[in-house]
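When a residue number appears, it is its place in the shown sequence, counting from 1. Worth knowing before you read on, the calculation uses all heavy atoms, side chains too, and leaves out hydrogens, waters and symmetry mates.
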Amino acid sequence: MGRKDIVKIENRELRKEEVDRIALIAPHATISIIRNFDVYEKKGVEIPNYLIGVVRCPNPGCISNTNEPVPSRFEVLPKGLHCLYCEWMITTDIKNYIL
């Protein structure tokens, strides 16, 4: 708070999954898209209602942690992230589980 950090990424725009990761770490971040040296678009990040393939489930027995080709699926709730496969909740240190 009270400081700005800048990350510059050239020659491409962020995918939705990348923006979702940023939203989990910095929910008040702003993304500026610059084209031809002018700010083309400026928008805040939003934490989506569901995260698919963005967060790793802490439960080693969860199907998303096996050799099956299943991406993790979490519902975003006010108290944390809820795994839709095994029902585990991530309530603290969410950044430690971001893929």
Side-chain angles (χ1 to χ4, degrees):
M1 299 296 167
R3 294 182 3 197
K4 287 187 177 184
D5 291 325
I6 297 174
V7 176
K8 181 180 177 184
I9 301 171
E10 290 187 41
N11 301 323
R12 74 178 193 94
E13 292 186 20
L14 298 174
R15 296 186 323 264
K16 181 183 179 335
E17 296 82 20
E18 294 168 322
V19 174
D20 291 346
R21 288 181 182 100
I22 291 170
L24 286 173
I25 296 169
H28 302 292
T30 302
I31 295 177
S32 297
I33 298 172
I34 299 172
R35 293 187 180 144
N36 297 323
F37 303 102
D38 290 321
V39 176
Y40 175 77
E41 184 178 2
K42 193 173 204 177
K43 57 186 172 183
V45 296
E46 292 181 9
I47 299 175
N49 294 329
Y50 295 94
L51 296 168
I52 299 171
V54 174
V55 179
R56 177 180 49 84
C57 183
N59 178 4
C62 181
I63 191 167
S64 65
N65 289 327
T66 62
N67 291 332
E68 299 294 326
V70 178
S72 63
R73 293 179 188 268
F74 282 87
E75 180 179 17
V76 178
L77 302 173
K79 57 186 172 183
L81 303 178
H82 170 246
C83 180
L84 295 176
Y85 294 121
C86 70
E87 306 294 323
W88 274 46
M89 286 287 296
I90 301 174
T91 56
T92 58
D93 297 324
I94 292 172
K95 65 183 179 295
N96 293 333
Y97 300 101
I98 296 175
L99 296 172

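In the hydrophobic clustering, Y50 connects to L84, either directly or through intervening members, whenever side-chain heavy atoms lie under 4.5 Å apart. Grouping Ile, Leu, Val, Met, Phe, Trp and Tyr by side-chain contacts under 4.5 Å, direct or through others, puts V70 with I63, Y85.
Between N49 and V76, every side-chain heavy-atom pair lies at or beyond the 4.5 Å cut-off. Residues P71 and S64 are not in side-chain contact: their nearest non-hydrogen atoms beyond the backbone lie 4.5 Å or more apart. S32 is not listed as a side-chain neighbour of Y40, based on a closest heavy-atom distance of 4.5 Å or more. Side chains of S72 and C83 form no contact here, defined as non-hydrogen atoms less than 4.5 Å apart. Side-chain contact between K42 and I33 is absent, with no heavy atoms from C-beta onward closer than 4.5 Å.
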Would you be so kind as to tabulate the donor-acceptor pairs closer than 3.5 Å made by side chains of residues 88-99, with sequence neighbours excluded?
none

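Counting only residues at least two apart or in different chains, salt bridge (charged side-chain N to carboxylate O under 4.0 Å, His left out) contacts with residues 24-40 comprise E13-R35. Each salt bridge (charged side-chain N to carboxylate O under 4.0 Å, His left out) pair with one or both residues in residues 46-64, not counting sequence neighbours, would appear here, but there are none.
Under 4.0 Å is where a charged nitrogen must lie from a carboxylate oxygen, and between R21 and E18 no such pair does.
When hydrophobic clusters are built by joining Ile, Leu, Val, Met, Phe, Trp and Tyr residues whose side-chain heavy atoms come closer than 4.5 Å, directly or via intermediates, V54 is grouped together with I47. By the criterion of side-chain heavy atoms lying less than 4.5 angstrom apart, applied directly or through intervening Ile, Leu, Val, Met, Phe, Trp or Tyr residues, V39 is not grouped with I9; the two fall into different hydrophobic clusters. If you chain together hydrophobic residues whose side chains sit under 4.5 Å apart, L14 and V7 fall into the same group. Put simply, L24 and F74 are part of the same group of oily side chains (I, L, V, M, F, W, Y) that touch within less than 4.5 Å, one to the next.
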Residues E10, R12; criterion salt bridge (charged side-chain N to carboxylate O under 4.0 Å, His left out); working and verdict
CA-CA 6 Å; E10 290 187 41; R12 74 178 193 94; over 6 Å; no
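In this structure, the salt bridge (Lys or Arg N to Asp or Glu O under 4.0 Å) partners of K16, at least two apart in sequence or on a different chain, are D20.
The CG atom of L51 lies 6.0 Å from the CG atom of L81; values are rounded to the nearest 0.5 Å. Considering SG of C62 and CD of E68, their distance stands at 11.5 Å, rounded to 0.5 Å. For the atom pair NZ (K79) and NE2 (H82), the distance works out to 8.5 Å, reported to the nearest 0.5 Å. Taken from CD1 in I31 to CD1 in I22, the straight-line distance is 4.5 Å, to the nearest 0.5 Å.
For C57 against N65, the heavy-atom pair with the smallest separation is O-ND2, 2.8 Å.
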